[in-house]
Amino acid sequence: MSSAGIHHVTAIAGEARRNLDFYTRTLGLRLVKKTVNFDDPGTYHFYFGDEAGHPGTILTFFPWAHSAPGRIGIGETQETMFRVPEAALGFWTQRFIEHGVHHDLPKKRFGETVLTFQDPDGMRLALAALPGIGGEAAGRSDVPAEAAIRGFHGVNLLVADAAPTAAILTEVLGFREAGRDGSLVRYKAAGEGPGKVVDLHAAGDFLRGRLGKGSVHHVAFRARDDAEQVAIAAVLKERGIVPTEQKDRNYFRSIYFNEPGGVLFEIATDEPGFAVDEPADHLGEALKLPPFLETRRAALEKMLPELD
Ligand code: ZN
């Protein structure tokens, strides 16, 4: 029983077209799946990632045009961090200036140079410039391959007290403590590759977060397959945390639970991936629906907002 790190992060956006444009054109991620929110099928569900949508690279959104802005607070993801090659930071700073992306001056965090910025809905993001990272670059925008985003670095969770969340990370999800920087404690999953970092920011008595556009809804961690997910669920139950029943998300299978710090966590299987219902070189081009919604396709297509 151990997770190999982050599988995906799911957030709430405002207008769908603007969200799509920012992540594919400005950031150069690939839209690897265009589907609907299975629990609210009048809403899109966009999945952005690397070329294949590997676990650890996938940022997903529910775009709700009329959503009120969220407010960062306790029990929420405060920042979602991507990885870029060390030499690419100048490119990104220049690009953010040219595209009018709200960003800050680079800063050092855990010895890494980090460029923090926001998406058009105010979601807090960061690029961590890291030496020696390879991985697949999306290559479908004007972002040159050598500067492209290489999946997630990780997430930063705002909690009242770090210890209960840290226990879930280290005793259930296979992370280990990897350092402290000011009020942040870093946890790392084993191995190389994207999505290995969770930073906990213990803020004590502070307002709870409020979900809305620009907010992260949940963070999903990886399970190799159903058996590993069952093993993780068993360890959670021993600790008095009962996850949901498994839900079939078509591209992975998921269970959910609230970790003791208040953040909604998911355990998602690496299987079967995004090429299960369309060819790998055409990911994200057509609206894909799960079998139980296919009979409603015509009505849903009318209800969903225009994208071009
Ligand atoms: Zn999810």
Side-chain angles (χ1 to χ4, degrees), residues 3-13 16 19 23 29-41 43-50 52-64 67 70 75-82 119 123 125 151-152 154-157 165 168-169 172-173 189 194-195 198 209 211-226 228-230 232-233 236 241 243-259 261-274 276-277 283-284 288-290 292-293:
S3 173
I6 293 169
H7 184 284
H8 66 267
V9 173
T10 292
I12 298 167
N19 178 257
Y23 285 94
L29 301 181
R30 185 179 185 191
L31 177 68
V32 294
K33 194 63 62 181
K34 181 166 57 178
T35 183
V36 295
N37 181 339
F38 292 2
D39 302 321
D40 175 17
T43 300
Y44 274 120
H45 193 180
F46 294 148
Y47 291 77
F48 303 105
D50 70 359
H54 287 111
T57 74
I58 310 153
L59 177 58
T60 98
F61 285 94
F62 300 128
W64 280 309
S67 171
E76 271 201 332
T77 299
Q78 172 175 264
E79 187 179 85
T80 301
M81 302 174 273
F82 295 107
D119 84 355
M123 178 171 168
L125 301 163
F152 291 126
V155 291
N156 177 321
L157 309 180
T165 304
I168 298 296
L169 291 172
V172 182
L173 298 176
V198 175
L211 281 178
K213 63 184 177 186
S215 298
V216 170
H217 186 266
H218 62 265
V219 180
F221 295 89
R222 295 172 64 177
R224 222 177 0 260
D225 50 25
D226 289 338
E228 191 173 86
Q229 189 185 65
V230 166
I232 293 171
L236 286 168
I241 296 174
T244 64
E245 291 297 295
Q246 190 189 65
K247 296 184 196 288
D248 185 357
R249 299 310 191 189
N250 239 17
Y251 313 106
F252 42 84
R253 294 176 293 277
S254 301
I255 59 173
Y256 301 83
F257 64 98
N258 275 303
E259 60 83 26
V263 184
L264 181 59
F265 278 6
E266 171 182 347
I267 308 296
T269 56
D270 283 357
E271 312 167 329
F274 293 100
V276 71
D277 62 354
L283 295 180
K288 302 308 290 185
L289 296 174
F292 76 96
L293 290 173

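Order of appearance sets the numbers: ligands from 1, and atoms from 1 within every ligand. For the single chain, residues carry numbers from 1 onward in sequence order.
The only option from His45, Lys33, His8 that meets the side-chain hydrogen bond (donor to acceptor under 3.5 Å, both in side chains) definition with Thr60 turns out to be His45.
Remark: Arg224 does not engage Asp270 in a salt bridge, criterion side-chain N to carboxylate O under 4.0 Å. A salt bridge links Arg249 with Asp39: the closest approach of a Lys/Arg side-chain nitrogen to an acidic carboxylate oxygen falls below 4.0 angstrom. Ion pair Asp50/Arg30 not flagged as a salt bridge, since none of the NZ, NE, NH1 or NH2 atoms sits closer than 4.0 Å to an Asp/Glu carboxylate oxygen.
Protein atoms that are N, O or S and lie under 2.8 Å from the Zn ion (ligand 1) are these: His8 NE2, His218 NE2, Glu266 OE1.
Side-chain atoms of Thr165 and Glu259 include a donor-acceptor pair closer than 3.5 Å. Between the side chains of Asn19 and Tyr44, no donor N or O sits under 3.5 Å from an acceptor N or O.
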